[in-house]
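In what follows, a single structure is set out as structure tokens and then discussed.
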Amino acid sequence: MTHSRTHIHELLDQHGLAARRELGQNFVADPNTVRRIAELAQVGPGDLVVEIGPGLGSLTLALVETGAMVVAVEIDTGLAKVAADILGNTATVITADALKLDWDALIAEHRGPEVDGGVHVVSNLPYNVGTTLVLDILADVEQVTTVTVLVQAEVADRFAAGPGSKIYGIPSVMAALHSTCEVVASVPPSVFVPKPKVNSSVVRFVRRAVAPEVSHGELARVVKAGFGQRRKMLRRSLSGLLTEEQITAAGVDATLRAEQLGLDQWITLASVVDSNG
Ligand code: SAM
């Protein structure tokens with residue numbers, strides 16, 4: 001069972017709730033969409049799924065159907081109560097801000113003999129915190145092996161962009177440091193209540209098997225400097241961190257611009273900045 005459009009309106013009315021824009025509340029009112037997301041997430045029995053923002057439980061119901069153990073983290077107390085009622089003992093609903101979550105404690109509490117598979121994040125993400133949440137999870141929560149999220153199409157495309165593209169930027173490089181990332185489906189505004197103005201996409205991140213050689217923080221410093229002045233050549237945009245000679249000695253052409261640099265070159269430059277101390 002998943003929610004229809006009528007059912008979502010009824011649930012909101014019944015509980016005296018309304019979609020809160022500041023929390024990015026656009027509820028999915030289409031069973032096919034939530035089932036497709038659950039399928040694309042490739043989760044099932046033995047897996048622990050952490051869902052961020054269950055709302056009224058649309059996607060949660062589909063995730064429960066896969067047989068995975070589902071823990072859903074909702075910031076809105078009113079919605080968390082409704083979701084907990086609807087889901088009963090099929091999923092655990094926690095009222096918390098996902099940006100401040102103690103991931104180690106949550107994972108330790110819910111993994112066990114019958115939940116010994118991977119840890120996966122699946123979410124129809126609130127648009128205002130989507131990019132930050134994904135990058136924080138990739139950087140800080142190593143146990144999470146895949147992240148499958150519905151976000152604005154533009155945000156998904158930016159995550160998946162590669163060098164040479166106009167939309168290649170900080171999120172693309174930082175996501176690539178930890179994962180391979182692919183846009184796996186597109187979702188029209190018509191499936192949401194209320195309907196957003198833009199298209200959405202499902203984007204899936206699969207954590208790299210080998211941990212990166214530089215830290216997230218080190219790479220972020222260099223990448224931010226580079227894309228902070230994306231039209232300038234590296235010798236200029238990175239001048240606060242590296243000399244032109246250092247860039248060249250690292251085997252990188254200092255006349256390139258940030259959007260032309262692949263992950264390996266960013267990592268090389270970040271390592272030189274690190275060795276500078
Ligand atoms: N999963 C539901 C669905 O697909 O219909 C709702 C998705 S809605 C786009 C985003 C949900 O995230 C809302 O329920 C919102 O209250 C919740 N949310 C917003 N910010 C949050 C945060 N920092 N931590 C946890 N949940 C958050």
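Atoms within each ligand, like the ligands themselves, are counted from 1 in listed order. This one's a predicted model, so the numbers in the text were calculated from it and none came from an experiment. We count residues from 1, following the sequence as given.
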Close-range residues for ligand 1, whose non-hydrogen atoms fall below the 4.0 Å threshold: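 Those residues closer than 4.0 Å to ligand 1 by some heavy atom are Leu23, Gly24, Gln25, Asn26, Phe27, Val28, Glu51, Gly53, Pro54, Gly55, Ser58, Val73, Glu74, Ile75, Asp76, Leu79, Ala96, Asp97, Ala98, Asn124, Leu125, Pro126.
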Ring geometry between His178 and His216 (parallel below 30°, tilted from 30 to 60°, perpendicular above 60°):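 Because their plane-to-plane angle is under 30°, the rings of His216 and His178 count as parallel.
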Between His3 and Ser58: side-chain donor-acceptor atoms closer than 3.5 Å: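 Side-chain D/A pair, His3 to Ser58: absent.
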Residues which pass salt bridge (Lys or Arg N to Asp or Glu O under 4.0 Å) with Asp157, listed by chain and number, not counting sequence neighbours: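 Salt bridge (Lys or Arg N to Asp or Glu O under 4.0 Å) check on Asp157 returns nothing, list empty.
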For Arg230, all residues meeting salt bridge (Lys or Arg N to Asp or Glu O under 4.0 Å), sequence neighbours excluded: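 If we apply the salt bridge (Lys or Arg N to Asp or Glu O under 4.0 Å) test to Arg230, skipping adjacent residues, the hits are Glu259.
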Atom pair CD1 (Ile75) and CG (Leu101), whose distance is rounded to the nearest 0.5 Å: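 Interatomic distance, Ile75 CD1 to Leu101 CG, rounded to 0.5 Å: 11.0 Å.
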By side-chain hydrogen bond (donor to acceptor under 3.5 Å, both in side chains) - contacts of Ser200 (at least two apart):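 Here no residue qualifies.
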